[in-house]
Number of protein chains: 4
Amino acid sequence: MPERRRGAPRSEAARMRILEATARLFATRGYDHLTIEGIAGEAGVAKQTIYRWWRSKAALVSECLLEGMLIPDRLLIPDTGDLRADLVDWLDRVLGVLAAPGGEGLVRSLIAAATEDPEIGRRLRASLGGDESLEGRLASGVAAGQLRADAPLAEIGEALVGAVLLRALGGIAVEDADAERLVAVVLG
Amino acid sequence: MPERRRGAPRSEAARMRILEATARLFATRGYDHLTIEGIAGEAGVAKQTIYRWWRSKAALVSECLLEGMLIPDRLLIPDTGDLRADLVDWLDRVLGVLAAPGGEGLVRSLIAAATEDPEIGRRLRASLGGDESLEGRLASGVAAGQLRADAPLAEIGEALVGAVLLRALGGIAVEDADAERLVAVVLG
Amino acid sequence: MPERRRGAPRSEAARMRILEATARLFATRGYDHLTIEGIAGEAGVAKQTIYRWWRSKAALVSECLLEGMLIPDRLLIPDTGDLRADLVDWLDRVLGVLAAPGGEGLVRSLIAAATEDPEIGRRLRASLGGDESLEGRLASGVAAGQLRADAPLAEIGEALVGAVLLRALGGIAVEDADAERLVAVVLG
Amino acid sequence: MPERRRGAPRSEAARMRILEATARLFATRGYDHLTIEGIAGEAGVAKQTIYRWWRSKAALVSECLLEGMLIPDRLLIPDTGDLRADLVDWLDRVLGVLAAPGGEGLVRSLIAAATEDPEIGRRLRASLGGDESLEGRLASGVAAGQLRADAPLAEIGEALVGAVLLRALGGIAVEDADAERLVAVVLG
DNA sequence: GCGTAAACGAGACGGTACGTCCAGTCTTATA
DNA sequence: TATAAGACTGGACGTACCGTCTCGTTTACGC
């Protein structure tokens, strides 16, 4: 017999309306113009309903990130068998987001959110190409003999993603060969 | 006879009190608990005096950064002739700041400031080991034949500094061999 | 055959816990810091159980008043045969409550409750010395020939109780001879 | 040389807009539907400007009362030389306010305000016929030999005004002869 | 006894207002 | 004209309760 809490159960509808409103406002206004009050209004929800389930704006964004509502899914790493080409391809697309109108704002907003909650930082690393995709692809490269077995995969990932963040922060223009050069650096 | 504006000249004393107050509060409270009002109070200055000379909190922090009031100066890169050893040494010290109490907060605060002003991002990259020191050291490594002449120095620097930022964001604990591994990644 | 509704009957235990909690909180925190939520918590009862049986905080207080849970019962009027002495004695004790620590707060709270529900006003007038006691005592004075037969008993009572309320509202300190003077005014 | 504070002086325009808005909303909605936010909105003023100068809703109402913005000024006591007739006349008008539509609400609201701030209680007693008018008229009655020289004027006033308040609280309907009876009670 | 309808505890929900903080602008008097 | 002081509008903060609502549980009548 399962222990059941009493009282009305949490409203899934409200939860989704809140997350969707958060994602919508995050995309349009950016992280630091995001307000709890604005989200509540957009979601048609009482502020208290937000505070009941999330400790802060950052926690809300973190959950959105986890649900994949903030980062476009076209940033997955392909696996054609050629590790270097796949990395360059992927990095080109990531840097392309930076170059796109609003794209830099998106990444900066994600970083801003991460400065308030380490969990976001970790999820950002994972989502932008961390455990599931980037490191997985690197591991697959190891299996294919395109990378030494003892290569520090985590550090390679960090170097790539970190370089992207740094560019977003600095507002540095992206050139065509950048992806190639970066990949060359970390793959040797 | 030089054209001179009339009225009182800008008070250098006020400017310094403001910058010092900013640096002090930045270090103790972090960037997002930094307020113009708080700075004005701490500096014994009217809010308007701040708004007259700086456009925003970020601009204020940016100037502090430029004056070297935010980042400890022990992060310079040595030049013993051995590029790899020097980089590991420097990176160890940088990561050591992250591990030190308050150190992670400092870096996160710097990143938070950078998300509001690209100029801060660029200065951060420069200060944390950019143009003056890191890339200079790499160039010196090229001259010493320890790095290929066509090595993409900027990208190597980005990868290293970016990895540091990413770790600060994720609150990832630092291990002893991390510096060595990261340097190995970017130097091949 | 009596029409009987089905389902569980009203819980007398819950009713009493609610009234007692109300009286307790009314006495300690005063009427305007009284909240339905607080009462429910104190009584170990669901909010809905309160709303099911009472329309408002004021109705709740009104019932407490009716049950004699709010006003100390030492305020009854004696009947020694000497009307004037009895009134002075009683008024002395009433004003004594005002002067006692917390006593003024009690009366002010009762007045505050009365402003939200005329029924409370009427019960207050009755409880503080209205129909059952004060006017009864006055009528007994008429019978004893100490008051003219056509004396406006209701108005005499109103004047006395009203003066007490006014003093409570104004926070006016009470002197020894006040009771005597007031009685002298209304008895001529 | 007068000690002068620096900084902008208090805005008299804002002060008046706030007091007028308070009086307007007090009259239309009553004391307990009065909100600081509502007043600020009605007055076109920031909430903080209210909190800067008044500690509470009650303090605001108290100042309105002092400025004579809440109580109609037709409640002054005449002095025709006949004390009893003048009192009956005045009391008739006061009770008339109670009987008028909205009048009872006004008095109840004033009482509600007084329960939160003794100062309001005192001003209420004064305004409704206290020191300036009622007691003055009584003193004049003493001079005219219509009242004994040692008559407790304060208590007579309290009894009259208190009776009015009590009626307002109880929602008791007013009859024609009530004023006469009440005056008869207190004048003997 | 057994179904069922109401009462009950718990507590989530959309709201309103609270009192505080700070942003950025403005108005003074002084230097 | 720059400054210290500080009042001003505006807006978001996070909290406290409101009164309503849904849950699952308990209770006692009427079949």
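The sequence lines fix the lettering, A, B, ..., with proteins before strands; numbering per chain opens at 1. In this text the structure is predicted, and so the values were computed from the model without any measurement. The figures here come from the full heavy-atom set of this structure, side chains too, leaving out hydrogens, waters and symmetry mates.
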key: Euclidean distance, atom NZ of residue A:K47 to atom P of E:dA12 [Å, nearest integer]   = 19 Å
inquiry  = Rounding to an integer number of Å, can you tell me how far A:R55 CZ sits from F:dC13 P?
reply    = 17 Å
5' precedence on DNA chain E between C:A14 and B:S56 (nearest-nucleotide basis) = C:A14
query = Hey, mind stepping through B:V61 and B:L70 against side-chain contact (heavy atoms from CB on, under 4.5 Å) and telling me if it holds?
reply = CA-CA 8 Å; B:V61 167; B:L70 299 184; 3.8 Å; yes
task = Could you check B:R24, B:R17, B:K47 and say which one makes a salt bridge (charged side-chain N to carboxylate O under 4.0 Å, His left out) with B:E42?
result = B:R24
D:R108 (side chain) donor-acceptor with C:A114 (main chain) under 3.5 angstrom = yes
task = State, to 0.1 Å, how close B:Y31 and B:S109 come at their nearest heavy-atom pair, and which atoms those are.
result = N-OG, 2.8 Å
message = Go nucleotide by nucleotide along DNA chain E from the 5' end; which of A:A46 and C:R52 gets its closest nucleotide reached first?
response = C:R52
request  = Specify the separation, in whole Å, of atom CD of A:Q48 and atom P of F:dC13.
outcome  = 13 Å
inquiry  = Please report the distance, rounded to the nearest Å, between CG in B:L60 and P in E:dA23.
reply    = 11 Å
note = Only residue of D:R122, D:R123, D:E119 satisfying side chain to side chain donor-acceptor pair (under 3.5 Å) with D:S62 is D:R123
Spacing between C:E12 atom CD and F:dA28 atom P, to the nearest angstrom = 13 Å
remark   = Ranking D:S11 and A:Y51 by the position along DNA chain F of their nearest nucleotide, the one closer to 5' is D:S11
message = Test side-chain contact (heavy atoms from CB on, under 4.5 Å) on B:L34 and B:L60; report intermediate values, then the result.
response = CA-CA 11 Å; B:L34 201 60; B:L60 205 38; over 6 Å; no
task = Start with the C-alpha gap between A:R15 and A:E12, add the side-chain angles, then the distance that decides, and say whether salt bridge (charged side-chain N to carboxylate O under 4.0 Å, His left out) holds.
result = CA-CA 5 Å; A:R15 177 175 169 273; A:E12 183 60 20; 2.8 Å; yes
inquiry  = Distance check needed: F:dA4 C1' versus B:W53 CH2, whole Å only.
reply    = 16 Å
note = Rounded to whole Å, NZ of B:K57 lies from P of E:dA23 at a distance of 7 Å
request  = Strictly below 4.0 Å, heavy-atom distances to any atom of DNA chain E: list the hits from residues 16-45 of chain B, or just say none.
outcome  = B:T35, B:I36, B:E37
key: Atom-pair distance (CH2 on C:W54; P on F:dG19), nearest Å   = 15 Å
